[in-house]
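First up is the structure itself, then whatever we jot down about it.
Numbers here simply count residues along the sequence, with the first being 1.
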Amino acid sequence: MKIKWVKFAESFEYLDNLIQDRTMMKITINERGLLLIKYEDKFYLVKNKCPHQGIKLEDAKCENGKIICPWHRYGFDLSTGRGAGLYLENYPIQEKEDGIYAGFEYFSWF
């Protein structure tokens, strides 16, 4: 698998101003519905869809390093996506000289 890096913000300061005092917010990157989460001063990107029953996670809570589904209360680790025998898609965030990038895996023979 390869990773395609997509710029989605100018800086972490910009993200702080964008999210303000919220824990999470919906964003779209490359036509993907995601949640930008700030937990203990670190940012995370996860898919805005629970892998268990497909419910949107935008009303979820963050507790003990996990995002908790508002419907069935399954918890998924913010760093790994692991939880309850399922995995929530999560995406790495990387700071480069010209901004903040999200990493999306894709398959390529080359």
Side-chain angles (χ1 to χ4, degrees):
M1 296 299 273
K2 293 186 175 187
I3 295 182
K4 177 182 179 184
W5 292 98
V6 178
K7 184 177 177 179
F8 74 99
E10 295 300 320
S11 66
F12 282 120
E13 181 180 339
Y14 170 81
L15 292 177
D16 273 329
N17 290 333
L18 188 65
I19 205 164
Q20 297 177 354
D21 57 356
R22 296 173 284 180
T23 304
M24 68 185 76
M25 64 180 291
K26 297 186 300 184
I27 64 170
T28 302
I29 303 173
N30 270 13
E31 300 179 15
R32 296 174 193 241
L34 306 175
L35 287 177
L36 176 67
I37 300 168
K38 186 175 182 186
Y39 181 76
E40 293 186 347
D41 294 325
K42 185 173 179 185
F43 285 99
Y44 301 89
L45 277 175
V46 300
K47 188 173 186 177
N48 186 13
K49 186 176 180 182
C50 179
H52 177 237
Q53 299 241 341
I55 191 169
K56 299 284 184 194
L57 293 173
E58 56 212 41
D59 294 323
K61 304 284 185 220
C62 287
E63 299 171 356
N64 300 319
K66 295 181 179 185
I67 184 168
I68 310 298
C69 178
W71 195 64
H72 54 64
R73 304 282 306 148
Y74 283 6
F76 299 95
D77 186 274
L78 289 171
S79 296
T80 65
R82 185 176 183 169
L86 302 168
Y87 283 86
L88 173 64
E89 289 183 46
N90 62 344
Y91 308 93
I93 296 174
Q94 186 176 89
E95 183 176 25
K96 296 184 180 184
E97 284 185 23
D98 65 334
I100 308 300
Y101 287 74
F104 300 98
E105 286 187 345
Y106 69 96
F107 176 79
S108 173
W109 290 102
F110 306 102

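- Classified by interplanar angle (parallel below 30°, tilted 30° to 60°, perpendicular above 60°), the ring pair His72/His52 is perpendicular.
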Exercise for review: Could you please spell out the steps behind the side chain to side chain contact (heavy atoms under 4.5 Å, CB included) verdict for Met1 and Phe107?
Suggested key: CA-CA 5 Å; Met1 296 299 273; Phe107 176 79; 4.1 Å; yes
In a table with atom names and distances, give each donor-acceptor pair under 3.5 Å that connects a side chain of residues 92-100 to protein atoms at least two apart or in another chain.
from	atom 1	to	atom 2	distance (Å)
Asp98	OD1	Tyr101	OH	3.0
Asp98	OD2	Tyr101	OH	2.8

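- Qualifying side-chain hydrogen bond (donor to acceptor under 3.5 Å, both in side chains) partners for Ser79, counting only residues two or more places apart in sequence or in other chains: none.
- Counting heavy atoms from C-beta outward, Tyr44 and Cys62 have side chains that stay 4.5 Å or more apart.
- Across Glu105 and Ile3, no two heavy atoms sit closer than the pair CG-CG1, 4.1 Å.
- Distance check: Asp77 CG to Arg82 CZ gives 9.5 Å after rounding to the nearest 0.5 Å.
- Phe12 and Leu78 sit in two unconnected hydrophobic clusters of ILVMFWY residues. Membership requires side-chain heavy atoms under 4.5 Å apart, directly or through other members.
- Residue Leu88 is grouped with residue Leu35 when hydrophobic side chains (ILVMFWY) are merged at heavy-atom distances under 4.5 angstrom, including chains of intermediate members.
- Within a 6.0 Å sphere centred on NZ of Lys26, heavy atoms belonging to other residues, nucleotides or ligands number 12 at most.
- Hydrophobic clustering (ILVMFWY, side-chain heavy atoms < 4.5 Å, transitive): Ile67 and Ile27 are in distinct clusters.
- The shortest non-hydrogen separation linking Phe43 to Asp16 is CZ-OD1, 3.5 Å.
- Glu10 CD to Leu18 CG: the interatomic distance, rounded to the nearest 0.5 Å, is 12.0 Å.
- The distance from the CG atom of Asn17 to the OG atom of Ser11 is 7.5 Å, given to the nearest 0.5 Å.
- What you find for Leu57 and Met24 is that their closest heavy atoms are O-SD, 3.9 Å.
- Judged purely by atom type and a 3.5 angstrom limit, Arg32 has no side-chain atom pairing as donor or acceptor with the backbone of Ile29.
- Smallest separation of non-hydrogen atoms from Ile68 and Ala60: O-CB, 3.0 Å.
- Connection of Leu15 to Tyr39 is not established within any shared hydrophobic cluster, with ILVMFWY side chains joined at heavy-atom distances below 4.5 Å, either directly or through further cluster members.
- Between Val6 and Phe104 there is a side-chain heavy-atom pair separated by less than 4.5 Å.
- In this structure, Pro51 and Tyr74 have side chains that are not in contact, with every pair of non-hydrogen atoms separated by 4.5 Å or more.
- Side chain of Thr28 to main chain of Glu31: no donor-acceptor pair is present (N/O by atom type, distance under 3.5 Å, no hydrogens or angles).
- Between Val46 and Tyr91, the shortest heavy-atom contact is C-CE1, 4.1 Å.
- When the side chains of ILVMFWY residues are joined at heavy-atom separations under 4.5 Å, either directly or via intervening members, Phe8 and Met25 end up in a single hydrophobic cluster.
- For the salt bridge (Lys or Arg N to Asp or Glu O under 4.0 Å) test, residues two or more places apart in sequence or in another chain that qualify with Lys47 are Glu89.
- When all heavy atoms of Ala102 and Leu45 are compared, the closest pair comes out as CB-CD1, 3.4 Å.
- Remark: Gln53 CD is packed, more than 12 non-hydrogen atoms of other residues, nucleotides or ligands lying under 6.0 Å away.
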Practice item. Could you please spell out the steps behind the side chain to side chain contact (heavy atoms under 4.5 Å, CB included) verdict for Lys66 and Asn64? Key: CA-CA 6 Å; Lys66 295 181 179 185; Asn64 300 319; 5.5 Å; no
